[in-house]
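Input: a single structure, listed below in structure tokens.
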Amino acid sequence: MRKVLIAFVLVMVFSSFQVLGIASNQSAYYVWTSSPQYSILPGSQFVETLPSNYSIPFAVLLNFTNYSSLMSETQNIVYHQSPYLSSGKFREYYYPSTSYKNSLVNYLKSFGIEETGDYGLILTFNGTAGQIDRAFNTYINVYYYPYKDIYWYHLVGITDIGPFYYFTNNVTPSLPYNVGKYVLGIVGIDSVDPKVYPAMEEAWKVEMVHGAQNPGIISNVLVTPSVIANYFNFTKLYDQGFLGKGMKIAIVGQPEGYINESDVYTFWQDFSIVPHTGKLQVVTLGTEAQAQSGENELDAEWSGVFAPASNVYVVFSNGYVGGPALVGNLLNYYYEYYYMVNYIYPQVISASVTVPESLLSAYYPAMLYMIHNAMIQAADEGISVLAASGDWGFESDHPPPNFHIGTYNTIWYPESDPYVTAVGGIFLNVTENDTVYSATGWDYSTGGISTVFPVQTYELTSLIPFTPPIGRTYPDIAFVSAGGYNITEYGFGLPLIYQGQLFLWYGTSGASPMTAAMVALTGERLGALNYALYHISYSGIIVTPKGIVQGLPAWIPVTEGNNPLPAYYGWNFVTGPGTYDAYGMVHDLRLYNEISGT
């Protein structure tokens, strides 16, 4: 994964983004998010009107209701002024009613459009271009894109995929107000995404090698979970009985993927720090798995070994939502979060599968808003969401020599979401005796500035020196992403069991599940973590909504490393506030929760 400095700020006040689909009067509701700035690629040439009998599968995305009340309640919850909501209560308060959904479906059916599925906040349909034009008061045309690269915000986004033909609407869709008032967006009425999707998928692959390959960048000393646990004081937690018992860690799966459960159990046995008692549960929605996900085996193995009594859930949505890939696998990707917050109700979610923020904001804002809504629901339910910051650098074309990805001009989402904790990377140097002698900022740990979200209150009131006041920035915390003996920063020294064999890996992909495990060791439901993290000082002073208390010095500032911006004392674009002493951080998070509790 990788990023580029974007010299512009998208003008969007996100706390009120839901008014994007606002009615100009009480008779029509315009769905602006389905006609974004680049629905027609700049420089495209009109070819013809799409034939009216052309069949198009599409989806209507639904928003929450009572949004002003929801945002007020969310604010109270994250500041511990109101209790967390159960998933059932959240749906009761803020999901559109069955009668509303029926009215929308019946309206579309009146034009001959067929409903093909109901996935909670996603309704899928099939209709002809002519039926869609009439139902949504729009026009779908065919265009020719003559260039090889796709741009957004006047910068290169994806390289070497054109020229190509595609279809899209050229008029903002609208609906009668009563049936459109909770529509957040429409996806599938354009065909740009199949050109974009392969580059997005590439960002989701963990970098790993077999131990017998390319010895020049492979450590001959394994940096095992035990080495990390000892160095960062996890073992002191285990000695005092903090094992994560009763906690649920949910892992966001790579859509269309699967894992071998035996690999995970083998890792838990071979690399256990203390005996593992938690269970693994793989939830597969649909049956169209295409490839084994080394990414998600890594997530399950390393989260489970650091929280040995927690139960780990990996959720895959494989061809489950709507059948055809309307916007790549984004509907499936969203549905994994939807399933977690509604049916698993975990304490912690860890995501190493991610999508480009600026691509979503330019081309598919409705999908960004849908995922953001899932993050709001998670926060209101007391679920901490952590996401790997990315393996590229500071929003730049700065890849390791053996690593390439074709998506440019972006940081990553949901990492940039205000309710998500983005986990950057550090590099561990070990001796030939398997002892850590230094921890530095990992050169390929991604940091950046959101193009969507403004600066957050927890950033403006942060106790961490030099926290930027310029916008939502990340990372928010950092942990082990690479390491080994006598290897370069892009070398391999961390173990993974994959297809029954030992592989080695690097990436912030591992930093997120390890940190999720640390959160699980608190044994408590903490909610949106940034509101606590930025109010724990380096000295251990903690500012809670209900007073100031003295905790332990939990943060470990990282002052060496670069991405290519330098790490330094205080907040930096390599590690955010820094890395952590696990015992101290668990102590401080529990103390913050106890003092702030409602």
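Please read all numbers here as calculations on a predicted model, not as lab measurements.
- For the atom pair OH (Y335) and CG (L121), the distance works out to 9.5 Å, reported to the nearest 0.5 Å.
- Of all heavy-atom pairs spanning S509 and E295, the tightest one is CB-OE2, 2.9 Å.
- The shortest heavy-atom contact between I251 and M340 is O-CE, 3.1 Å.
- Between the side chain of W442 and the backbone N or O of E489 there is at least one donor-acceptor pair closer than 3.5 Å.
- The side-chain contact (heavy atoms from CB on, under 4.5 Å) check on T277 picks up A309, with sequence neighbours excluded.
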The test is side chain to side chain contact (heavy atoms under 4.5 Å, CB included); show your working for Y364 and V192 and say whether it passes.
CA-CA 10 Å; Y364 297 106; V192 175; 3.9 Å; yes
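- A donor-acceptor contact shorter than 3.5 Å links the side chain of S219 to the backbone of Y485.
- Residues meeting the side-chain contact (heavy atoms from CB on, under 4.5 Å) test with N318, sequence neighbours left out: E256, T284, A289, F316.
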Going through the distances and angles, do F90 and F64 end up as a ring-ring contact (aromatic ring centres under 6.0 Å, His included)?
CA-CA 10 Å; F90 190 97; F64 293 146; 5.1 Å; yes
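- Partner of P57 under the side-chain contact (heavy atoms from CB on, under 4.5 Å) criterion, out of L326, T116, I189: L326 alone.
- The side-chain contact (heavy atoms from CB on, under 4.5 Å) test applied to T575 returns I426, A478, V558, N572, not counting sequence neighbours.
- The two atoms that bring G127 and F58 nearest to each other are N-CE2, 4.2 Å, heavy atoms only.
- The distance from atom CE of M514 to atom CE of M518, rounded to the nearest 0.5 Å, is 12.0 Å.
- Ring to ring, Y54 and F167 are close: their centroids are under 6.0 angstrom apart.
- Note that the CZ atom of F503 and the CG atom of L298 stand 13.0 Å from one another [nearest 0.5 Å].
- Separation of atoms CE (M367) and OG1 (T33) is listed at 11.0 Å; rounding is to 0.5 Å.
- Going from atom CG of L184 over to atom OH of Y369 covers 8.0 Å, rounded to the nearest 0.5 Å.
- Side-chain atoms of T124 and E115 form no donor-acceptor pair, as typed in the model, at a separation below 3.5 Å.
- Remark: K148 engages D160 in a salt bridge (Lys or Arg N to Asp or Glu O under 4.0 Å) (not counting sequence neighbours).
- No hydrogens or angles considered: nothing links the side chains of E415 and S389 as a donor-acceptor pair under 3.5 Å.
- Between the side chain of Y265 and the main chain of L280, a donor-acceptor pair closer than 3.5 Å is present.
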Please assess V315 against V252 for the test side chain to side chain contact (heavy atoms under 4.5 Å, CB included), listing each intermediate value before the final yes or no.
CA-CA 6 Å; V315 180; V252 178; over 6 Å; no
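- Legend: side chain to side chain donor-acceptor pair (under 3.5 Å) pairs involving residues 296-316, not counting sequence neighbours, sorted by first then second residue: Q292-E297, S293-N296, N296-D299, D299-S352.
- Considering only residues two or more places apart in sequence or on other chains, F271 meets the side-chain contact (heavy atoms from CB on, under 4.5 Å) condition with L222, T224, P225, F267, P495, I497, L502.
- Every residue two or more places apart in sequence or in another chain that forms a side chain to side chain donor-acceptor pair (under 3.5 Å) with S55 is listed here: N126.
- In this view, S481 satisfies the side chain to side chain donor-acceptor pair (under 3.5 Å) rule with no residue, not counting sequence neighbours.
- Taking the salt bridge (Lys or Arg N to Asp or Glu O under 4.0 Å) definition, one finds that D118 meets it with K101, sequence neighbours left out.
- Ring-centre distance between F453 and H372: below the 6.0 Å cut-off.
- Of all heavy-atom pairs between S272 and S226, the closest is O-OG, 4.1 Å.
- When atom types are taken as modelled, the side chain of Y506 and the backbone of G510 share no donor-acceptor pair closer than 3.5 angstrom.
- A distance of 10.5 Å separates CG of L61 from CG of L330, quoted to the nearest 0.5 Å.
- A donor-acceptor pair is defined here as one N or O able to donate and one able to accept, closer than 3.5 Å; such a pair exists between the side chain of N530 and the backbone of V420.
- Aromatic ring centroids of Y144 and F164 lie 6.0 Å or more apart.
- Side-chain N or O atoms of W268 include one that pairs as donor or acceptor with a backbone N or O of A300 at under 3.5 Å.
- Q501 pairs by the side chain to side chain donor-acceptor pair (under 3.5 Å) definition with H210, not counting sequence neighbours.
- Other residues, nucleotides and ligands place more than 12 heavy atoms under 6.0 Å from the CD atom of Q499.
- Using a distance-only test at 3.5 Å, with no hydrogens or angles considered, no donor-acceptor pair links the side chain of R525 to the main chain of S384.
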Determine, stepwise, if the pair T168 / D190 fulfils side-chain hydrogen bond (donor to acceptor under 3.5 Å, both in side chains).
CA-CA 4 Å; T168 190; D190 70 80; 4.7 Å; no
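- For the residue pair S416/E357, the side-chain donor-acceptor check at 3.5 Å is satisfied.
- At least one donor-acceptor pair closer than 3.5 Å links the side chain of N332 to the backbone N or O of V321.
- In this structure the side chain of I218 reaches within 4.5 angstrom of the side chain of V209, judged on heavy atoms.
- Judged purely by atom type and a 3.5 angstrom limit, D391 uses its side chain to pair as donor or acceptor with the backbone of T508.
- Taking the six-membered ring for Trp and the full ring otherwise, Y580 and F479 have centroids separated by under 6.0 Å.
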Under the side chain to side chain contact (heavy atoms under 4.5 Å, CB included) criterion, do L41 and I150 qualify, and how do the steps go?
CA-CA 8 Å; L41 299 176; I150 288 183; 4.3 Å; yes
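- Every side chain to side chain donor-acceptor pair (under 3.5 Å) that S44 has, sequence neighbours left out, goes to Y166.
- At a threshold of 4.5 Å between non-hydrogen side-chain atoms, the residues V519 and L526 count as touching.
- Listed by first and then second residue, the side chain to side chain donor-acceptor pair (under 3.5 Å) pairs involving residues 337-351 are R91-N342, Y95-N342, Y333-Y337, N342-Q377, S350-S512 (not counting sequence neighbours).
- A donor-acceptor pair under 3.5 Å is absent between the side-chain atoms of N260 and the main chain of S262, judged by distance alone.
- Between F306 and F234, the angle of the ring planes lies from 30° to 60°, which puts this pair in the tilted group.
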